[in-house]
Amino acid sequence: HVQLVESGGGSVQAGGSLRLSCSASGFPLNSEYCMGWFRQAPGKEREGVAAISPGGQLTYYGKPVKGRFTISLDDTENTLYLQMNSLKPEDTAMYYCAADYYLLPTLKVEDFRYWGQGTQVTVS
């Protein structure tokens, strides 16, 4: 039974930083599961933020966050992270962790079956 639980969201001023965590259970992060971070702002579609291949060798970022966000995983703690720096008001959204059985990172929402409940990030 795959379960994903996000944490680390909050309110921050523009230019600040936050680190999101996603605790995974039901599968090991060093197995053949791609992990990703997605976000959804009110009235907008869910969009891919960052994804990482099984084991962490490959990463893939959406254009709006490239150079500011870093995705990583700690397979000893079975936890996925998203370090967010130089935050902007347009980064305000609910952030979701997702996982599914892929060998390459993907940012397509429809590629993921397993989702967490989300954590809110607000940048003012």
Side-chain angles (χ1 to χ4, degrees):
H1 174 64
V2 174
Q3 188 171 9
L4 304 170
V5 179
E6 303 95 335
S7 62
S11 297
V12 65
Q13 290 189 337
S17 299
L18 281 174
R19 188 177 79 157
L20 305 184
S21 301
C22 172
S23 178
S25 60
F27 69 100
L29 287 191
N30 60 2
S31 64
E32 294 176 332
Y33 276 79
C34 169
M35 302 287 295
W37 286 99
F38 293 78
R39 67 186 182 187
Q40 188 167 18
K44 294 188 176 182
E45 292 187 353
R46 191 169 296 190
E47 66 170 351
V49 174
I52 191 165
S53 62
Q57 285 87 355
L58 298 175
T59 57
Y60 183 37
Y61 295 92
K63 287 184 180 179
V65 307
K66 198 168 185 179
R68 300 188 296 123
F69 292 10
T70 302
I71 189 171
S72 63
L73 58 84
D74 183 338
D75 55 15
T76 63
E77 295 188 355
N78 235 42
T79 300
L80 177 74
Y81 298 100
L82 184 69
Q83 178 66 45
M84 305 186 295
N85 298 328
S86 302
L87 282 161
K88 305 175 181 179
E90 51 264 43
D91 295 318
T92 295
M94 184 71 79
Y95 283 71
Y96 298 91
C97 171
D100 212 322
Y101 189 83
Y102 291 105
L103 296 180
L104 295 175
T106 170
L107 288 179
K108 294 181 180 179
V109 172
E110 60 268 26
D111 285 346
F112 291 87
R113 289 175 293 167
Y114 306 109
W115 294 86
Q117 293 299 308
T119 185
Q120 177 68 38
V121 171
T122 303
V123 185
S124 59

(request) Start with the C-alpha distance between W37 and C97, add both sets of side-chain angles, then the distance that settles side-chain contact (heavy atoms from CB on, under 4.5 Å), and finish with yes or no. (result) CA-CA 5 Å; W37 286 99; C97 171; 4.1 Å; yes
(message) Are the side chains of E6 and L20 in contact, using a 4.5 Å heavy-atom criterion?
(response) no
(message) Within the structure provided, determine whether R68 and D91 are in side-chain contact (heavy-atom separation under 4.5 Å).
(response) yes
(message) According to a hydrophobic-cluster definition based on side-chain heavy atoms being under 4.5 Å apart (Ile, Leu, Val, Met, Phe, Trp, Tyr only), do F112 and M94 belong together?
(response) yes
(message) Quick check on the hydrophobic clustering: are L82 and V65 connected, directly or via other members, by side-chain heavy-atom contacts under 4.5 Å?
(response) yes
(request) For residues C34 and P54, report the shortest heavy-atom separation together with the two atoms involved. (result) N-CG, 4.1 Å
(message) Once you measure the plane-to-plane angle for Y101 and Y33, does it fall in the parallel (<30°), tilted (30-60°) or perpendicular (>60°) bin?
(response) perpendicular
(request) Check whether any side-chain heavy atom of R39 lies under 4.5 Å from a side-chain heavy atom of V121, and answer yes or no. (result) no
(message) Tell me whether the rings of Y95 and F69 are parallel (<30°), tilted (30 to 60°) or perpendicular (>60°).
(response) tilted
(request) Verify the cluster assignment for L73 and L18: are they in a single hydrophobic cluster under the rule of side-chain heavy atoms below 4.5 Å apart? (result) yes
(message) Would you say that D111 contacts D100 through its side chain, given a criterion of any heavy-atom pair below 4.5 Å between the two side chains?
(response) no
(request) Is it possible for you to say whether Y114 and Y96 belong to one hydrophobic cluster, with membership spreading through side-chain heavy-atom contacts below 4.5 Å? (result) no
(request) To the nearest 0.5 Å, tell me how far R19 CZ sits from M84 CE. (result) 11.5 Å
(request) Determine whether L4 and Y81 fall in the same hydrophobic cluster, where Ile, Leu, Val, Met, Phe, Trp and Tyr are linked whenever their side-chain heavy atoms lie under 4.5 Å apart. (result) no
(request) Can you establish whether the number of heavy atoms outside Y60 located under 6.0 Å from its atom OH is more than 12? (result) no
(message) Which residue is it: V49, I52, T70? I am looking for the one with a side chain to side chain contact (heavy atoms under 4.5 Å, CB included) to Y61.
(response) T70
(message) On a heavy-atom basis, which atom in A93 and which in A41 lie closest, and how many Å separate them?
(response) CB-N, 3.8 Å
(request) Would you please name every residue forming a side-chain contact (heavy atoms from CB on, under 4.5 Å) with V5, sequence neighbours left out? (result) Q3
(request) Report the distance from atom OG of S11 to atom CG of L87, rounding to the nearest 0.5 Å. (result) 11.5 Å
(message) Using 0.5 Å steps for rounding, measure from the OG atom of S23 to the CG atom of L80.
(response) 10.5 Å
(request) Answer yes or no: is there a side-chain heavy-atom contact under 4.5 Å between V109 and W115? (result) yes
(request) Determine the minimum heavy-atom distance between S53 and P105, stating which atoms define it. (result) CB-CD, 3.8 Å
(request) Answer yes or no: does atom CD of E90 have more than 12 heavy-atom neighbours from other residues, nucleotides or ligands under 6.0 Å? (result) yes
